[in-house]
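To start, the structure itself, in structure tokens.
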Amino acid sequence: MSGRVIVITSGKGGVGKTTASANLGVALAGTGASVALVDMDIGLRNLDILMGLENRVVYNLVDVIEERCKLRQALVKDKRLPNLSLLPAAQTRDKSAVSADQMKELCKELSTIFEFVLVDSPAGIEQGFQNAVAGAHEAIVICTPEMSSVRDADRIIGLLEARKDEIEQYRLVVNRYRPNMVQANDMMSVEDVLEILSVELLGVVPEDEDIIVSTNKGEPVSGTDNCKSGLAFRNIARRLRGEDVPIMDFSSQNQSWINRIVNFFNPVRV
Amino acid sequence: MQVLTNLFARLRPNSVRTTAKDRMRSMLTYDRLELPAGRLECLEEELMAVVSRYFELDKSTTQFDLQQYDRRASLIANFPLLRSKC
């Protein structure tokens, strides 16, 4: 088998890379695909916490690369989904512990076992980022509709463009979207961001307090029903699998009937 | 109240959203070209000096800026000419 290796990146920190990685991992596994989540944030690992797997980590990515264990020994199986595994980052090392070539090898090996290999990139554009993209064929760029995040996303897109030979496709996920603020013209819309970045859209995830609750519980929202951000992540997973899922309209939620009529003529699509 | 705010927001020409978008666009144009501030003005002056040797210009209506098309920048210069200097 030759699975798809997809790096999840953003440039800026705190925009939701790790949250998106965990949720897309769960959502893709929920569609029946076999998925490996790779935490590349060596020294600052967090993906294990979001997955609720922090107590099961024995070996990590650096142990695999330095041949202290076999790849299969380091993979931590998800609690609910047997077809989802996590390869945790090392917590006591730093980004220089692995090289780009080693990452390429590792991603290649993982893609012989899994249909999807999702690599959670660290923030920044230095070696940690370079290692994270090294073995990837596709990229998902995460940004929030804020100026600093869009600027950093643009920088990342420039770097991905420069790797056209390896990265065949990159698409954007607009995260923490606030339709109410866009409606009030206090924030850039998805369309604004797309126009500025000239990039293909993969999905939009609304701002959602459930994310904080789910992180505290160690259960990604895409595994639970009745949650708008969870649904958004599941839709993105389906789009990744090639399904044609329309971008949903979140704007009519939590609004009065007059607003719904106003929005009917000027919808904000999510 | 939110309804009124939203209705008025649509009519307000210089909304925060537009400001953000405009700032963003110009910032990224400079970022992508790695163009330092002031460099474009420098070019404008030089170009204008060259054109002025050949033509008399209407300096009040010249236009000189960068525009983005699909992640590529173009230099748009418009120097209205009054008459030839030859």
Side-chain angles (χ1 to χ4, degrees), chain A residues 11-12 125 141 143-162 164 170 172 174 177-200 251-268, chain B residues 1-48 59-80:
Chain A
K12 192 178 183 310
I125 51 171
V141 180
C143 89
T144 64
E146 288 151 297
M147 295 190 63
S148 48
S149 174
V150 174
R151 186 188 209 177
D152 292 2
D154 186 72
R155 186 90 167 86
I156 289 291
I157 290 169
L159 295 171
L160 294 172
E161 276 279 314
K164 249 188 181 144
Y170 59 83
L172 186 78
V174 178
Y177 196 55
R178 300 170 73 156
N180 288 342
M181 283 193 74
V182 174
Q183 217 87 56
N185 274 340
D186 283 332
M187 204 172 195
M188 285 184 284
S189 69
V190 172
E191 291 79 9
D192 293 340
V193 175
L194 292 179
E195 190 189 318
I196 289 163
L197 293 177
S198 316
V199 63
E200 195 185 327
S251 61
S252 56
Q253 288 177 353
N254 310 321
Q255 281 182 353
S256 68
W257 64 272
I258 296 182
N259 248 328
R260 285 181 199 207
I261 293 168
V262 172
N263 292 340
F264 177 78
F265 294 104
N266 189 4
V268 174
Chain B
M1 204 49 228
Q2 182 69 38
V3 180
L4 284 178
T5 320
N6 282 355
L7 276 175
F8 281 118
R10 273 153 222 269
L11 302 173
R12 210 167 31 169
N14 287 321
S15 67
V16 177
R17 175 178 163 189
T18 324
T19 310
K21 199 176 164 185
D22 292 344
R23 286 180 63 205
M24 205 66 244
R25 218 190 306 242
S26 113
M27 187 202 305
L28 290 185
T29 305
Y30 279 74
D31 276 2
R32 287 170 187 163
L33 293 169
E34 296 174 47
L35 188 67
R39 194 89 181 119
L40 198 64
E41 289 73 13
C42 194
L43 171 65
E44 183 180 6
E45 256 173 52
E46 280 188 40
L47 270 181
M48 197 115 89
K59 289 198 175 153
S60 60
T61 56
T62 59
Q63 183 200 343
F64 196 82
D65 58 320
L66 293 172
Q67 279 180 19
Q68 286 281 335
Y69 298 101
D70 212 25
R71 301 188 65 81
R72 268 250 176 84
S74 302
L75 179 62
I76 308 291
N78 188 0
F79 296 153

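The structure displayed is predicted, hence computed values, not measured ones. Naming: A, B, ... by sequence-line order, numbering from 1 per chain.
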query = For M147(A), is it the side chain, the backbone, both, or neither that has a heavy atom closer than 4.5 Å to a heavy atom of chain B?
reply =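 The answer is both parts of M147(A).
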
message = For the CD atom on E45(B), are there more than 12 heavy atoms of other groups (residues, nucleotides or ligands in this structure) within a distance under 6.0 Å?
response =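 Counting other residues, nucleotides and ligands, CD of E45(B) stays at 12 neighbours or fewer.
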
request  = Answer yes or no: does atom CZ of R155(A) have more than 12 heavy-atom neighbours from other residues, nucleotides or ligands under 6.0 Å?
outcome  =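 No, because the 6.0 Å sphere around CZ of R155(A) holds 12 heavy atoms or fewer from other groups.
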
inquiry  = Between R151(A), E146(A), E161(A), M187(A), who has the most heavy-atom pairs with chain B when the cutoff is under 4.5 Å?
reply    =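 Ranked by contacts with chain B, first place is R151(A).
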
Salt-bridge criterion met for K21(B) and E195(A) (N-O under 4.0 Å) =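 Salt bridge: yes.
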
ask   = Would R17(B) and D186(A) pass as an ion pair if we require N to O under 4.0 Å?
value =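 Result for this pair is no, no salt bridge flagged.
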
How long is the gap from [atom1] on [X] to [atom2] on [Y], to the nearest 0.5 Å?
X: I196(A); Y: R23(B); atom1: CD1; atom2: CZ; value: 11.5 Å
X: M188(A); Y: T19(B); atom1: CE; atom2: OG1; value: 11.0 Å
X: Q68(B); Y: S198(A); atom1: CD; atom2: OG; value: 7.0 Å

ask   = Does the side chain of M24(B) reach to within under 4.5 Å of the side chain of D192(A), using non-hydrogen atoms?
value =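 In short, these two side chains do not touch, never coming nearer than 4.5 Å.
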
task = Identify the residues of residues 26-38 of chain B whose heavy atoms come closer than 4.5 Å to a heavy atom of chain A, ordered by number, or report 'none'.
result =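 Interface residues of residues 26-38 of chain B: M27(B), L28(B), D31(B), R32(B).
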
task = Verify side-chain contact (heavy atoms from CB on, under 4.5 Å) between I157(A) and R71(B), making sure each step is shown before the conclusion.
result = CA-CA 10 Å; I157(A) 290 169; R71(B) 301 188 65 81; 3.3 Å; yes

